[in-house]
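Since the structure comes first, as structure tokens, the remarks are kept for the end.
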Amino acid sequence: VGDTRLEALATYAMTADDRLPKKAIRLFNESRLPSGLTQSRYPSVIRQFIPPFSLWWIGMVYDYLYWRTDADFVKEMIPGVRAVLNYYFGRLDATGLVRAPNGWNFMDWTRGWTNGIPPDGDGGVSGVINWLYINALGYAAAIEDAVGDSEMATFYRNKSTSAVQAMDAFFVPERGLYADDLAHTRFSEHSQSLAILSGQLPSDRATVVGAGLLAADDLSRCTIFMMHYLFETYRILGRADKIIERMGLWFTLKRDGFKTTIECPEPSRSDCHAWGAHPLYHYYATFCGVRPASPGFKTASFRPLPGPLKDIDAALIHPSGEITVRIADGQPRIRLPEGVALVDSNDR
């Protein structure tokens, strides 16, 4: 699921054919067991559960809601979205934090994390997993607001507010960072990125955490999968230069004899892993700066962040046609399909 979300985003930006993403969303929903969790891959002879991937599946439903127009399909997924979150509600402890679920709580192939599991992600209370849970609550609230139940949306937002307050247990004021563990011994790019992406931090706290993310040199670093979310955070911080800097791994692939993207830095488990294609999405959605501003892509936001890219000439797929972007000599221009309005939105 974690892989497929990134692949689907690239697909939405590059082609009008959304049958594969749609099928993936439906199959993962059908993989669900009575616990409420989806399987991490499906169909598969061997069952595998990565509980955080069920939260990323809610993100897939959210993405489809915004990038495509089939609201009835999204409605079909709402019982599944609720089932995932109900499972996580059952994992809340007395402080309002999620205790790590049973299963392989993979988050990234980060050096120093055993089997891709973040600190205290195997039976303890992980800051990284809790921030992912908070992000999923935001996705679910947006889905319910658009095609579900406004009271459920309010319920999820209230849950999110309580969860963010509980996350103060991870915050280290003297560093301006969220720790990965309650003992405040481990810190990562993952926690800071997901905290900012949640959109739930007060503006002054978000500013501090953003500065900490950029300045701290001892953070556990995102690898290819979670670098998508790091790039999303750099976008919010207006740092296209940092995205280019971290894309060094991609720039060396051809030199090293690869024709496909790898799963993680060496030693790589897979030399052909499509989650590494997410820079294609960022070309359109971050550097060109075009994203849906409302469900069904009825409105679009245009916040180009070309950074060191001096010239851009691109066509992003929209359900009603194409959105073309041209940036030359620092002057951005955009052309929208008929009936699509341009709005100034920071939502996505």
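Computed from a prediction, not measured in an experiment: that's the story for all the values here.
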If we ignore angles and hydrogens, is there a donor and acceptor under 3.5 Å between the side chains of [X] and [Y]?
| X | Y | result |
| --- | --- | --- |
| Y156 | R82 | no |
| S198 | N135 | no |
| S31 | T38 | no |
| Y64 | D18 | yes |
| H190 | S220 | no |

[X] side, atom [atom1]; [Y] side, atom [atom2] - distance, nearest 0.5 Å:
| X | Y | atom1 | atom2 | value |
| --- | --- | --- | --- | --- |
| Q192 | L197 | CD | CG | 11.5 Å |
| L20 | T15 | CG | OG1 | 9.5 Å |
| E322 | I317 | CD | CD1 | 5.0 Å |
| D120 | D181 | CG | CG | 5.5 Å |
| L219 | D180 | CG | CG | 8.5 Å |
| R186 | D218 | CZ | CG | 11.5 Å |

For [X] and [Y], which heavy atoms make the closest approach, and how far apart are they?
| X | Y | value |
| --- | --- | --- |
| D122 | A100 | N-CB, 4.3 Å |
| M227 | R246 | CE-O, 3.1 Å |
| H318 | V340 | CE1-CG2, 3.4 Å |
| T11 | R68 | O-NH2, 4.3 Å |
| T223 | P265 | CB-CD, 3.7 Å |
| H278 | F225 | NE2-O, 4.4 Å |

Does [X] reach the main-chain N or O of [Y] with its side chain, forming a donor-acceptor pair under 3.5 Å?
| X | Y | answer |
| --- | --- | --- |
| N105 | G121 | yes |
| T154 | S150 | yes |
| W57 | I25 | yes |
| T286 | G289 | no |
| H184 | A169 | yes |
| D108 | C222 | no |
| D93 | T95 | yes |
| D329 | Q331 | no |
| N130 | V98 | yes |

- Non-hydrogen side-chain atoms of R221 and T110 separated by less than 4.5 Å: no
- Heavy atoms, side chains only, cut-off 4.5 Å: are P304 and C288 in contact? no
- Task: Could you check whether the rings of Y66 and Y62 sit parallel, tilted or perpendicular, using 30° and 60° as the cut-offs?
- Result: tilted
Would [X] and [Y] pass as an ion pair if we require N to O under 4.0 Å?
| X | Y | answer |
| --- | --- | --- |
| K75 | E144 | no |
| E232 | R235 | no |
| D17 | R19 | yes |
| K22 | D70 | yes |

- Crowding at CE, M152 (>12 non-hydrogen neighbours, <6.0 Å): yes
- Within a reach of under 6.0 Å around CD of E174, are more than 12 heavy atoms found that belong to other residues, nucleotides or ligands? yes
- Query: Does the ring-ring contact (aromatic ring centres under 6.0 Å, His included) test come out yes or no for F155 and F89, once each step is laid out?
  - Reply: CA-CA 12 Å; F155 172 74; F89 296 155; 5.7 Å; yes
- Query: Can you name the one residue among Y229, F106, F28 that meets ring pair (Phe, Tyr, Trp, His ring centres under 6.0 Å) with W56?
  - Reply: Y229
- Task: May I have all residue pairs that pass salt bridge (charged side-chain N to carboxylate O under 4.0 Å, His left out) and include part of residues 261-288, sequence neighbours excluded?
- Result: E263-R269
- Task: Using the salt bridge (charged side-chain N to carboxylate O under 4.0 Å, His left out) rule, take D145 and R157 through it: C-alpha gap first, then chi angles, then the decisive distance, then the call.
- Result: CA-CA 11 Å; D145 258 342; R157 290 194 177 97; 2.6 Å; yes
- Task: Treating Ile, Leu, Val, Met, Phe, Trp and Tyr as nodes and any side-chain heavy-atom pair under 4.5 angstrom as an edge, say whether M247 and L280 lie in one connected cluster.
- Result: yes
- Relative to W67, does R291 satisfy both conditions: NZ or CZ under 6.0 angstrom from the six-membered ring centre, and within 45 degrees of the ring's axis? no
- Does NZ or CZ of R175 fall inside the cone over F187's six-membered ring, less than 6.0 Å from its centre and within 45° of the axis? yes
- Any chance the rings of W131 and Y178 have centres within less than 6.0 Å? yes
